[in-house]
Amino acid sequence: MEFLAIVVIPMILLVLGAGFLVVSQVSSFVQSGSHNQRQHFSNIIIQQYMVQIAMAQSQMFKRGRELQVLSSRLALSNQELARLNDMRSKFLSIVVHEVRTPLASIKGFSELLLKRKVGEKEVLYLNHIVSASDQMGRLISDLTDLAMIEAGKLKMEKAVFDYADIARDILPGIVINAQKKGVELSVGEFPAGNRVNGDKFRLSQVLMNLLNNAIKFTPAGKRVELTMRREGRFIAVYVKDSGIGIHPSEIKRIFEKFYQAQYQKDEKLRKQGWGLGLSIAQEVVQAHKGEIGAISPGLGKGSTFWFKIPS
Ligand code: ADP
């Protein structure tokens, strides 16, 4: 028993201690091995990322150079476009100038001949010449306005005046147009005492365009109404017709330069214009800080054109 206590138990304890030491050594060896392996893998992944970053950087650099080349090409094309635009505006104003004078002679001499004793056929031909020169004259003046708008030179010559004058000044001519076409023209009462600071000539031109369009696009026997009224700080003008109407998809587009409604099928009516009047009217109204627009219940159901100017 004593032998057991003095020799065997310490021996067992010694063997157990040694075994424990060996196990702990081996496990720490194994652990440090797997740690190194993980470190190695992480290094490989980091290296792969670094390679990818380097590749992305070189791609970015390449794209940056390409962008530089493209933007310098774009700058050149912009310069070229500006030059061509300038040439187009100059060409337009030269043509307009060169046509205006001979046109005035053609019209003037035709009217002179009409005053002389000429035969029935001659009167008919001369009237054709006069109305064709009038039509060309309108185109020339629209093109002149367009050239001025594009050059930023359409200046408003503002003065204070009674707003109803824009209608009073043009109505005699409009009444004749309506009578010729067989369209009934109804003119509402003008509200009194509305003084406006604006370009009377240009605003009359806007109203004349709306009224002439209304008469043009309204068949004989139908009606065009002009009304003017105060709406808050604005003075508003409405031209309502019972004509061919406008498709809802084109209500905004008809104010674009050279745009003529595509849903309207009357070629004869289309040929009487160039799609410029409303775009010029819009410029004039906007230059007065006003608004312009049109509403129509649809094709064949008439339209109402309106504009408002602050006063
Ligand atoms: P245009 O000289 O061709 O009449 P506008 O700029 O004055 O040029 O008008 C543009 C287009 O708007 C016209 O061609 C027509 O299609 C449409 N339009 C203008 N006024 C009317 C109207 N009162 N009724 C129907 N359509 C209209």
Side-chain angles (χ1 to χ4, degrees), residues 85-86 88-90 92-94 96-97 100 104 134 137-177 185 187-215 224-240 251-252 254-259 273-295 304-311:
N85 210 16
D86 196 41
R88 193 183 61 112
S89 295
K90 277 189 188 134
L92 193 66
S93 56
I94 290 169
V96 163
H97 258 92
R100 203 194 285 272
D134 277 343
R138 280 196 298 275
L139 172 62
I140 298 292
S141 83
D142 278 356
L143 287 175
T144 314
D145 287 347
L146 183 70
M148 291 207 323
I149 288 167
E150 292 194 341
K153 287 182 188 158
L154 190 75
K155 298 274 177 293
M156 297 299 130
E157 286 172 21
K158 292 191 178 174
V160 176
F161 65 95
D162 180 356
Y163 199 59
D165 283 351
I166 65 164
R168 287 190 199 108
D169 286 357
I170 59 161
L171 270 174
I174 299 290
V175 169
I176 293 172
N177 274 354
L185 179 68
V187 180
E189 231 174 77
F190 302 135
N194 285 296
R195 314 278 302 161
V196 165
N197 184 18
D199 188 324
K200 190 160 105 174
F201 169 74
R202 290 289 176 187
L203 289 166
S204 305
Q205 187 188 8
V206 172
L207 180 56
M208 187 153 72
N209 179 263
L210 300 193
L211 283 166
N212 279 332
N213 274 351
I215 294 166
V224 168
E225 281 172 45
L226 165 67
T227 42
M228 200 182 265
R229 62 174 183 248
R230 172 155 287 282
E231 288 179 1
R233 66 184 190 91
F234 289 95
I235 170 101
V237 181
Y238 291 84
V239 177
K240 183 173 189 273
I251 285 278
K252 284 222 166 80
I254 52 171
F255 289 90
E256 290 172 13
K257 265 178 263 170
F258 294 109
Y259 192 85
W274 300 272
L276 279 174
L278 288 179
S279 64
I280 294 167
Q282 178 166 259
E283 288 287 336
V284 172
V285 171
Q286 283 172 355
H288 285 84
K289 298 192 168 44
E291 293 165 30
I292 186 165
I295 39 174
T304 302
F305 282 76
W306 57 268
F307 65 98
K308 299 174 181 185
I309 300 292
S311 82

> Which atoms form the tightest heavy-atom contact between H288 and P310, and what is the distance?
Replying inline: O-CD, 3.3 Å

>> Rounded at 0.5 Å granularity, tell me how far CG in L211 sits from CG in L185.
In response: 6.5 Å

> Do V285 and I309 pass the side chain to side chain contact (heavy atoms under 4.5 Å, CB included) test, and can you show the C-alpha distance, the side-chain angles, and the key distance before you say yes or no?
Replying inline: CA-CA 7 Å; V285 171; I309 300 292; 4.2 Å; yes

> Passes side chain to side chain contact (heavy atoms under 4.5 Å, CB included), W306 versus E291? Steps please.
Replying inline: CA-CA 8 Å; W306 57 268; E291 293 165 30; 3.7 Å; yes

>> Which heavy atom of I292 sits nearest to which heavy atom of A281, and what is that distance?
In response: CD1-CB, 4.0 Å

> Aromatic rings F305 and F255: how do their planes relate, parallel, tilted or perpendicular, breaks at 30° and 60°?
Replying inline: tilted

> About how many Å separate CZ of F161 and CZ of R195, when rounded to the nearest 0.5 Å?
Replying inline: 9.0 Å

> Taking the side chain as C-beta and beyond, is there a heavy-atom pair between L146 and F258 under 4.5 Å?
Replying inline: yes

> Any donor-acceptor pair under 3.5 Å linking the side chain of K200 with the backbone of N197?
Replying inline: no

> At what distance, to the nearest 0.5 angstrom, does CG of N194 lie from CZ of R229?
Replying inline: 13.0 Å

> Would K90 and D86 pass as an ion pair if we require N to O under 4.0 Å?
Replying inline: yes

> Closest heavy-atom contact between V196 and S311?
Replying inline: CG2-CB, 3.5 Å

> Which pair of heavy atoms, one from T304 and one from Y238, lies closest together, and at what distance?
Replying inline: CG2-CD2, 4.0 Å

> Are I174 and N212 close enough that some pair of their side-chain heavy atoms sits under 4.5 Å apart?
Replying inline: yes

> With a 4.5 Å limit on heavy-atom distance, are the side chains of M148 and E283 in contact?
Replying inline: no

> Taking side chain as C-beta onward, heavy atoms only, is D145 less than 4.5 Å from R202?
Replying inline: yes

> Can you check side chain to side chain contact (heavy atoms under 4.5 Å, CB included) on F190 and V237, steps first, answer last?
Replying inline: CA-CA 10 Å; F190 302 135; V237 181; over 6 Å; no

>> With side chain to side chain contact (heavy atoms under 4.5 Å, CB included) as the criterion, how do M208 and N177 come out once you've worked through the C-alpha distance, each side chain's angles and the decisive distance to 0.1 Å?
In response: CA-CA 11 Å; M208 187 153 72; N177 274 354; over 6 Å; no

> Around E157, counting heavy atoms of other residues, nucleotides and ligands shown, do more than 12 lie under 6.0 Å from its CD?
Replying inline: no

>> Under the rule for side chain to side chain donor-acceptor pair (under 3.5 Å), what residues qualify as partners of D162, not counting sequence neighbours?
In response: none

> Does K289 NZ have over 12 foreign heavy atoms under 6.0 Å away?
Replying inline: no

>> Looking at G232, is its backbone amide N or carbonyl O close enough to the side chain of R230 to form a donor-acceptor pair, meaning the two atoms are under 3.5 Å apart?
In response: yes

> Atom OG1 of T144 and atom CD1 of I149: how far apart are they, to the nearest 0.5 Å?
Replying inline: 10.5 Å

> Is any side-chain heavy atom of N213 less than 4.5 Å from a side-chain heavy atom of L278?
Replying inline: yes

>> For a 4.5 angstrom cut-off between non-hydrogen side-chain atoms, does D199 reach V284?
In response: no

> Nearest 0.5 Å, what's the CG-OG distance between D142 and S279?
Replying inline: 8.0 Å

>> Tell me the closest heavy-atom pair linking G277 and N209, and the distance in Å.
In response: CA-ND2, 3.4 Å

> How long is the gap from CG on D169 to CD on Q205, to the nearest 0.5 Å?
Replying inline: 13.0 Å

>> Quick check: do M228 and I166 have side-chain heavy atoms less than 4.5 Å from each other?
In response: yes

